[in-house]
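Structure first, then comments.
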Amino acid sequence: MAQKPSIPKGTRDFNPGEVLKRNFIIQTISRQFERFGFQPIETPAMENMETLMGKYGAEGDRLIFKILNSGDFLKKIDRESLEQKDIVQITPLLSEKALRYDLTVPFARYVVMHQNEIDFPFKRYQIQPVWRADRPQRGRFREFYQCDADVVGAKGLVQELEFIQLYDRVFTDLGLPGVVIKVNHRKILSGIAEVIGAAQRLTDFTVALDKLDKIGPEKVRQEMIEKGISEGAVQRASALFELSGSTEAQLNILREFLSESPVGMQGISELELLISQTEALGMTGATCQIDITLARGLNYYTGAIFEVSAPPEVPMGSIGGGGRYDDLTGIFGLRDVSGVGISFGLDRIYLVMEELGLFPVALNQTVEVFCLNFGEQESRAALKLVMHLRDTGIPADLYPDPVKVAKQFKYADKRGFPYVILIGADELREDQFTVKDMKTGQQQTYAMEDWQTFAAQLNA
RNA sequence: GUGGUUGUAGCUCAGUUGGUUAGAGCGCUGGAUUGUGGUUCCAGAGGUCGCCGGUUCGAGCCCGGUCUUCCACCCCA
């Protein structure tokens with residue numbers, strides 16, 4: 001009995017039209033990555049459990065897909081640990097591999113393992129799927145693609161500057177308007193926490209602050225207090241909740257607020273430099289603005305942080321993010337390697353572009369010339385012509401069976417082929433071929449030896 | 001992980017207070033002078049109503065479970 005086929009929750013099939021559009025995005029991104037000097041690498045879908053666990057916080061560990069060991073793994077587990085039902089204790093015995101959760105941690109592992117072959121500073125890009133055991137929602141999948149570019153072994157602020165330019169160029173090439181690149185600096189956040197006396201609760205503070213534009217100042221205050229930040233501290237921070245105005249004005253207020261915090265002041269001067277340099281360089285489409293509420297959950301960031309929001313008319317959350325992490329490879333034993341990186345969320349960019357109708361229409365027309373099949377003799381002549389066209393670089397195809405002409409035309413129409421070639425008994429006899437323009441319906445006959453004339457017209 | 005939501009033909013959906021052989025549009029297949037598609041006309045195929053169990057004389061409809069979809073949290077691309 002046939003079973004009804006299905007695929008796991010949060011995963012998708014991609015049909016030909018979708019793949020062409022996804023490839024368009026991937027090609028646009030990777031072209032710019034290469035133009036900016038990044039080199040491609042790939043890493044395995046699965047990593048050792050220890051490589052991933054503990055890198056994304058307690059919440060992240062829960063979302064890592066674990067791979068069940070092969071063989072009689074239950075034999076190794078004693079009755080006692082089974083009966084205790086302690087997941088944390090038993091998991092390492094059941095599973096020693098997991099699907100990668102992002103591309104940054106595998107990259108850090110890669111850098112450490114290949115440190116002797118790598119010429120630093122190393123600029124790499126990587127476009128591969130990642131997996132998260134999240135609950136699927138719109139723009140949220142359990143299998144999705146990240147497009148990452150990172151530099152390791154470079155401390156200068158010029159890298160951050162380059163990443164803002166890279167974001168700008170990619171979104172310009174994609175034709176996605178209204179993209180805003182929000183920047184902040186982890187040291188500013190540390191400084192604020194320090195000044196208000198909540199340095200111990202930096203993560204709780206930033207996570208709550210990050211929600212400001214979503215839930216409003218009142219709820220943010222509430223959440224901070226619930227997380228154990230003192231009312232006095234929250235009160236002091238409140239002054240920053242309504243921070244607005246020009247970049248200049250915001251920085252001035254921050255400078256005053258953080259004057260007692262050397263760390264905070266350092267963050268301000270870096271951010272200020274970044275913004276002014278970006279303005280000096282100019283952008284081709286996107287805009288760049290300071291957002292001190294931008295926090296980004298991943299706690300390995302230590303310097304500038306970026307986040308790219310979808311255009312306001314499409315509710316989608318962020319379509320990219322990144323930042324500087326001073327010690328990502330430290331946990332794998334390689335100290336003092338500073339890194340900066342950004343990521344593009346392919347699947348969300350796809351949804352945004354689809355919603356706004358921004359994909360070039362020409363993408364789905366793969367085959368340009370389609371030859372009908374009138375029988376054995378005729379199709380042999382047709383195939384010869386098709387091969388000539390293919391060798392000229394024109395995508396051409398031949399219907400495989402000599403079925404009814406109406407059926408072949410119907411097929412050509414549905415596939416959207418712009419030109420149909422007929423070589424029937426008449427054409428074969430006269431050594432000719434007839435071309436039908438499917439849009440206008442007009443037909444023209446060429447001598448077989450003049451096929452290059454036809455090919456030249458297509459390319460014109 | 002918490003709370004809610006959805007599931008009927010390939011697709012989009014109807015289906016009255018539980019009551020005979022479950023419908024529509026689109027799509028699909030075939031036909032309307034065997035070398036002409038996208039428009040028209042005619043005919044046809046296609047469903048164990050997500051799955052498992054329960055209530056009932058009787059369940060697409062009620063109840064429980066499960067999977068799936070989408071949404072809000074959490075978190076994030």
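A, B, ... follow the sequence lines: proteins, then strands. Residue 1 opens every chain. Source: prediction; values computed, not measured. Any value given below was found using the heavy atoms of this structure, including those in side chains, with hydrogens, waters and symmetry copies removed.
Looking at heavy-atom distances under 4.0 Å, Gln137(A) makes contact with a base. No engagement by Gly322(A) is indicated, since no non-hydrogen atom pair under 4.0 Å with the nucleic acid exists. At a threshold of 4.0 angstrom between heavy atoms, the contacts of Gly57(A) with the nucleic acid are absent. Among the heavy atoms of the strands lying under 4.0 Å from Gly424(A) is at least one base atom, whether or not backbone atoms are also near. Using a 4.0 Å heavy-atom distance criterion, Tyr145(A) is classed as making no nucleic acid contact. The residue Leu422(A) sits close to a base: some heavy atom pair falls under 4.0 Å. Within 4.0 Å (heavy atoms only), Ser318(A) reaches sugar-phosphate atoms of the nucleic acid but no base atom. Using a 4.0 Å heavy-atom distance criterion, Glu427(A) is classed as a base contact.
You'll find the ring centres of Phe370(A) and Tyr419(A) outside the 6.0 Å limit. Taking the six-membered ring where the residue is Trp, the centroids of Tyr125(A) and Phe38(A) are separated by 6.0 Å or more. A distance below 6.0 Å separates the ring centres of Phe359(A) and Tyr350(A). Under the 6.0 Å cut-off for aromatic ring centres, Tyr167(A) and Phe344(A) qualify, their centroids lying closer than that.
Distance NZ (Lys9(A)) to P (rC67(B)): 7 Å, rounded to an integer number of Å. Atom-to-atom, CZ of Arg140(A) to P of rC75(B) comes out at 10 Å; the value is rounded to the nearest Å. As a whole-Å value, the separation of Arg429(A) CZ from rG35(B) P is 14 Å. Atom C1' of nucleotide rU2(B) and atom CG of Leu63(A) are separated by 14 Å, given to the nearest angstrom.
Base pairing annotation: rA22(B) forms no Watson-Crick or G-U wobble pair, as no partner gives both donor-acceptor distances under 3.5 Å. Pairing partner, rA43(B): rU29(B), with both Watson-Crick or wobble hydrogen-bond distances short of 3.5 Å. Pair assignment for rU69(B) gives none, since no Watson-Crick or G-U wobble pairing has each distance under 3.5 Å.
Proximity of Lys211(A) to Glu223(A): side-chain heavy atoms (C-beta onward) are separated by under 4.5 Å at one or more points.
Only the C1' atoms considered, rU21(B) is 23 Å distant from rU17(B), to the nearest whole Å. Distance check on atom P: rC75(B) versus rU16(B) gives 43 Å, rounded to whole Å. rA9(B) and rG60(B) are spaced 14 Å apart, taking the C1' atom of each and rounding to whole Å. Rounded to the nearest Å, the gap between the P atom of rG30(B) and that of rA45(B) is 15 Å. Between the P atoms of rC71(B) and rU66(B), the separation comes to 23 Å (whole Å). Distance noted for atom P between rC13(B) and rG7(B): 10 Å (whole Å). Taking atom C1' in both rC67(B) and rC26(B), the straight-line distance is 29 Å, to the nearest Å. Rounded to whole Å, the P atom of rC61(B) lies 10 Å from the corresponding atom of rC49(B).
At a cut-off of 3.5 angstrom, the base of rC71(B) holds no donor-acceptor pair with the side chain of Arg135(A). Side-chain atoms of Arg138(A) stay outside donor-acceptor range of the base of rU69(B), with no qualifying N/O pair under 3.5 Å. No hydrogens or angles were tested; on distance alone, nothing pairs the side chain of Arg132(A) with the base of rC76(B) as donor and acceptor under 3.5 Å.
Mapping Glu223(A) and Thr11(A) onto RNA chain B via the closest heavy atom, the residue that lands nearer the 5' end is Thr11(A).
Under a cutoff of 6.0 Å and an axis angle of 45°, Arg132(A) and Phe144(A) do not form a cation-pi pair. Cation-pi geometry between Arg22(A) and Phe14(A) is met: under 6.0 angstrom from the ring centre, within 45 degrees of the axis.
The residues Lys123(A) and Asp150(A) are annotated as not salt-bridged, no charged nitrogen and carboxylate oxygen being separated by less than 4.0 angstrom. Comment: Asp204(A) engages Arg201(A) in a salt bridge, judged by a side-chain N to carboxylate O separation of less than 4.0 angstrom.
Interatomic distance, CD1 of Ile29(A) versus SG of Cys147(A), reported as 4.0 Å (0.5 Å rounding). Considering CZ of Arg142(A) and CZ of Arg135(A), their distance stands at 8.5 Å, rounded to 0.5 Å.
The side chain of Asp426(A) has rG35(B) as its nearest neighbour among rA72(B), rA77(B), rG35(B).
Annotation for Gln200(A): atom CD does not count as buried by contact number, only 12 or fewer foreign heavy atoms lying within 6.0 Å.
A close approach under 4.0 Å does occur between a side-chain nitrogen or oxygen of Lys414(A) and OP1 or OP2 of rC28(B). Of the side-chain N and O atoms in Gln408(A), none sit less than 4.0 angstrom from OP1 or OP2 of rU36(B).
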For nucleotides 30-32 of chain B, list the nitrogen or oxygen atoms of the protein found under 3.5 Å from its nitrogen or oxygen atoms, one pair per line.
{"unit_1": "rG31(B)", "atom_1": "OP1", "unit_2": "Lys404(A)", "atom_2": "NZ", "d": "3.1"}
{"unit_1": "rG31(B)", "atom_1": "OP2", "unit_2": "Lys404(A)", "atom_2": "NZ", "d": "2.8"}

Hey, what are the protein-to-nucleotides 38-47 of chain B N/O distances that come in under 3.5 Å?
{"unit_1": "rG38(B)", "atom_1": "O4'", "unit_2": "Asp413(A)", "atom_2": "OD2", "d": "2.8"}

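Between the side-chain ring of Phe144(A) and the base of rA77(B), a stacking contact exists by the 5.5 Å and 30° definition.
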